[in-house]
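As C-alpha cells, the structure follows; a few thoughts come after it.
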Amino acid sequence: MAKYDFDLFTIGAGSGGVAGSRRAGSYGAKVAIAEAVRVGGTCVLRGCVPKKLLVYASEFARAFEDAAGYGWIVGETKVDWADMIARKDRELDRLNGIYINMLRSAGVQVIDGRARLVDAHTVEVNGKRHTAETILIATGGRPIRPQIPGIDLTMTSDDILDMKEIPERLIIVGGGYIAVEFAGIFRNLGSTVTEIVRGDTVLRGFDRDLRESLAGEMAKQGIVLRTRTQVTAIEKEGKGLAVVTDAGERIACDRVLYATGRAPNSSGIGLEEIGVTLNKKGAIAVDEWSKTTVPNVYAVGDVTDRINLTPVAIAESRAVAETLYNNNPIRMDHEDVPSAVFSQPAIGSVGLSEEAASVIYKEIDIYVTRFRPMKNTLSGRDERTMMKLVVDARSERVLGCHMVGPDAPEIIQGLAIAVKCGATKRQFDQTVGIHPSAAEEFVTMREKRKEPAKQAAD
Ligand code: NDP
C-alpha cells in the first residue's frame, strides 16, 4: 500500500497551482488540489483576465472617436455597464469550468475547501485529512490597504469588477500596475479620474522615460495625477465620498479605488507551525528550486513574492513538477522576465531600465524614439509612442527594450526572446523591419542619445 494518499497535494488552484498540478498529473503522479474560493484564482477570476476584458471594452470609446477621422459617421454611443459585467462574468464562469475540466483530465482530484497543514505530510480540508509525499503551496496574494480612517469606504481591485455602475468621479490611490490600468479603463468609460500617488510619478521600478511618457499621455486624456500626495482619511460627503490629503485638501468623488499593492496569502494555513519560514513581508522563503525550509514542502507564485506575475507562477510551478516527476531538474530563471501594463496606451518592457543598467554597467548607450503612430494621423488623436533600447556599450548587448504605445505588450513579447538570447544592437540593426509597422522602429534606431545616463530618482 502507498505510504501517502497522494504524491502531490497542492493548496490553491490559481494559475500557479493548476499548472504544476496538471504537469505532475500528466507524468503519472497522484495529485490533489484544494481551493478555498473558486478554481482559477486571481488572474482568471479577479485580475488579468477580467481586467483585460474591461480594457477591451473601454477601448471602443477611442475607436469610435478615431473612426470619424477615417470617414465613418458614428451615431450615438453608450455603454451598458451591467450588460458588460454580466458578459464578463459569463466568460469567467466558462473559464472556471475549463480549468476544472483540465485538472480532471490530467487526473487531478479537485477538493473544494480551505486547506490547513496538520504536519509536513498531512493537509486537512473540511475536517477530512489527506496525506501526501509533497505539498505545494500556491495560495497567491490579496490586495492590501493602509489602515487610515474611512478605509472601509473604499474598494480594492476585487470590488471594482463588481460595481453596480460606472462612477462619475473616481479617485484611485496608488501608482502601480492596477492603478494605471483602471485609470485608463474608467477614463475611457467616461469617469472623471484622479490618481493619487505618493512618489513623483507612476510605476516605480520601470524605466523613467516609460513612466514619464505614460504619465504625459494619461494627462492628455484628462486623468489628473496628484503626485507626492498621501491620503490621510476618507469621509462620507453627501451621497459620495471625500478624500482628505496630507496637504489638508478635500477631494470629492463618488468612489475610491485603493491599488496600493498586495500581500502574500500565507497565514491561517499552518505554515509556521510545521516549520516553514516566512520573510518579513509574510512571503514564504524558498530556494532556487522553490523548496521551503521544510524539505517536502514547495511554494510558488505570489505567496513567495519573487516576481508576482502569472506566467512566472506557472513557470515556477511547472519547474517543480518537471524536477520531481519527470527527472528533469529545472531551476526557475527569473532573469529578463518581460512584463506589460495594460494602461492606455499600453506598456511593454523587458530587461534593465536605464537607471538599473547605469548602476551595473560602466558605459551604456541609449536609443530613444518618439513618434506619432500612423493610425493617429487621420484620426488626429494626440498620442505618441515611445520606444527605447538600453545597450551595454562594451559588448553591444541589448540590456533592455521598453515601449509605451499601442500593441507594446505584443511587440515586447517577441523582443524578449532576442534579449533572453543575448542579442546585440548590431543584430537588431541587421534585422529587417516589417513595414509599415511601429515594431520596425526597434530595428531602425541609429542615433545614440547624447545626454548622460539617468540615475534612479526614487
Ligand atoms: P504595485 O506594487 O504595482 O503598486 C503599488 C502602488 O501603491 C505603488 O505605486 C506604491 O507606491 C503605492 N503604495 C503602496 N503603499 C501605499 C500607501 N500606504 N499609500 C499610498 N500609496 C501606496 O501594486 P498593485 O496593487 O498595482 O498590483 C499588485 C501586483 O499585481 C503587481 O505588483 C503586479 O505584480 C501584479 N499585477 C500585474 C499586472 C500586469 O502584469 N499587467 C496587472 C495588475 C497587477 P510606491 O511606488 O511609492 O511604493
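These numbers come from a predicted model, not from an experiment. Heavy atoms only: backbone and side chains are in, while hydrogens, waters and symmetry mates are out.
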Between D333 and K420, is a salt bridge (charged side-chain N to carboxylate O under 4.0 Å, His left out) present by the stated rule, with each step listed? CA-CA 11 Å; D333 176 1; K420 192 79 196 152; 2.6 Å; yes

For residues [X] and [Y], report the shortest heavy-atom separation together with the two atoms involved.
X: A321; Y: A24; answer: CB-N, 3.7 Å
X: I307; Y: H334; answer: CD1-O, 3.6 Å
X: P329; Y: T323; answer: CA-OG1, 3.7 Å
X: I33; Y: V18; answer: CD1-N, 3.9 Å
X: V443; Y: G433; answer: CG2-CA, 3.8 Å
X: A423; Y: F428; answer: CB-CE1, 3.8 Å

Drop me the distance from [X]'s [atom1] to [Y]'s [atom2], to the nearest 0.5 angstrom.
X: E322; Y: N328; atom1: CD; atom2: CG; value: 4.5 Å
X: L214; Y: S343; atom1: CG; atom2: OG; value: 4.5 Å
X: I251; Y: I171; atom1: CD1; atom2: CD1; value: 5.0 Å
X: Y56; Y: I185; atom1: OH; atom2: CD1; value: 12.0 Å
X: F342; Y: C48; atom1: CZ; atom2: SG; value: 8.5 Å
X: I144; Y: Q147; atom1: CD1; atom2: CD; value: 10.0 Å

Under a 3.5 Å cutoff, is there a donor and acceptor pairing between the side chains of [X] and [Y]?
X: S21; Y: T10; result: yes
X: S290; Y: R306; result: yes
X: N188; Y: E59; result: no

Is it the case that more than 12 heavy atoms not belonging to [X] sit under 6.0 Å from its [atom1] atom?
X: E168; atom1: CD; result: no
X: R426; atom1: CZ; result: no
X: E91; atom1: CD; result: yes
X: E288; atom1: CD; result: yes
X: K448; atom1: NZ; result: no
X: R394; atom1: CZ; result: no
X: E440; atom1: CD; result: yes
X: I360; atom1: CD1; result: yes

Salt bridge check: are [X] and [Y] linked by an N-O gap of less than 4.0 Å?
X: D89; Y: R94; answer: no
X: E195; Y: R226; answer: no
X: E383; Y: R62; answer: yes
X: D209; Y: R449; answer: yes
X: E35; Y: R114; answer: no
X: D365; Y: R397; answer: no
X: R208; Y: E354; answer: no
X: R46; Y: D162; answer: no
X: R142; Y: D302; answer: no

Are any non-hydrogen side-chain atoms of [X] and [Y] less than 4.5 angstrom apart?
X: M386; Y: E212; value: no
X: V224; Y: V193; value: no
X: I151; Y: I148; value: yes
X: L203; Y: I347; value: yes
X: I137; Y: T292; value: no
X: L161; Y: L54; value: yes
X: Y298; Y: L324; value: yes
X: T385; Y: P406; value: yes

Working for side-chain contact (heavy atoms from CB on, under 4.5 Å), residues E235 and R250: CA-CA 9 Å; E235 294 169 5; R250 284 175 75 82; 2.6 Å; yes

Once ring pair (Phe, Tyr, Trp, His ring centres under 6.0 Å) is applied, do any residues pair with F186, and if so which ones, sequence neighbours excluded? W81

Does any N or O in the side chain of D287 come within less than 3.5 Å of the main-chain N or O of K291, such that one atom is a donor and the other an acceptor? yes

In sequence, state the C-alpha distance, the side-chain angles, and the governing distance for R381 and E65, and then conclude on salt bridge (charged side-chain N to carboxylate O under 4.0 Å, His left out). CA-CA 9 Å; R381 178 171 293 283; E65 282 170 16; 3.0 Å; yes

CA sep, side-chain torsions, deciding dist, call: R370, E441, salt bridge (charged side-chain N to carboxylate O under 4.0 Å, His left out): CA-CA 10 Å; R370 291 187 165 84; E441 299 295 327; over 6 Å; no

Which pairs count as salt bridge (charged side-chain N to carboxylate O under 4.0 Å, His left out) when at least one residue sits in residues 398-411, sequence neighbours excluded? none

Under the side-chain contact (heavy atoms from CB on, under 4.5 Å) rule, what do I269 and I11 come out as? Steps first, then yes or no, please. CA-CA 9 Å; I269 315 170; I11 303 181; 4.1 Å; yes

Could you go through R145 and T156, starting from their C-alpha distance and side-chain angles, then the distance that decides it, and tell me whether this counts as side chain to side chain donor-acceptor pair (under 3.5 Å)? CA-CA 8 Å; R145 294 177 285 190; T156 67; 5.8 Å; no

Does the ring of Y367 carry K425 above it, NZ/CZ under 6.0 angstrom from centre and within 45° of its axis? yes

For V391 and L399, run side-chain contact (heavy atoms from CB on, under 4.5 Å): C-alpha distance rounded to whole Å, both residues' side-chain angles, the deciding distance at 0.1 Å, then the answer. CA-CA 5 Å; V391 179; L399 305 171; 5.9 Å; no

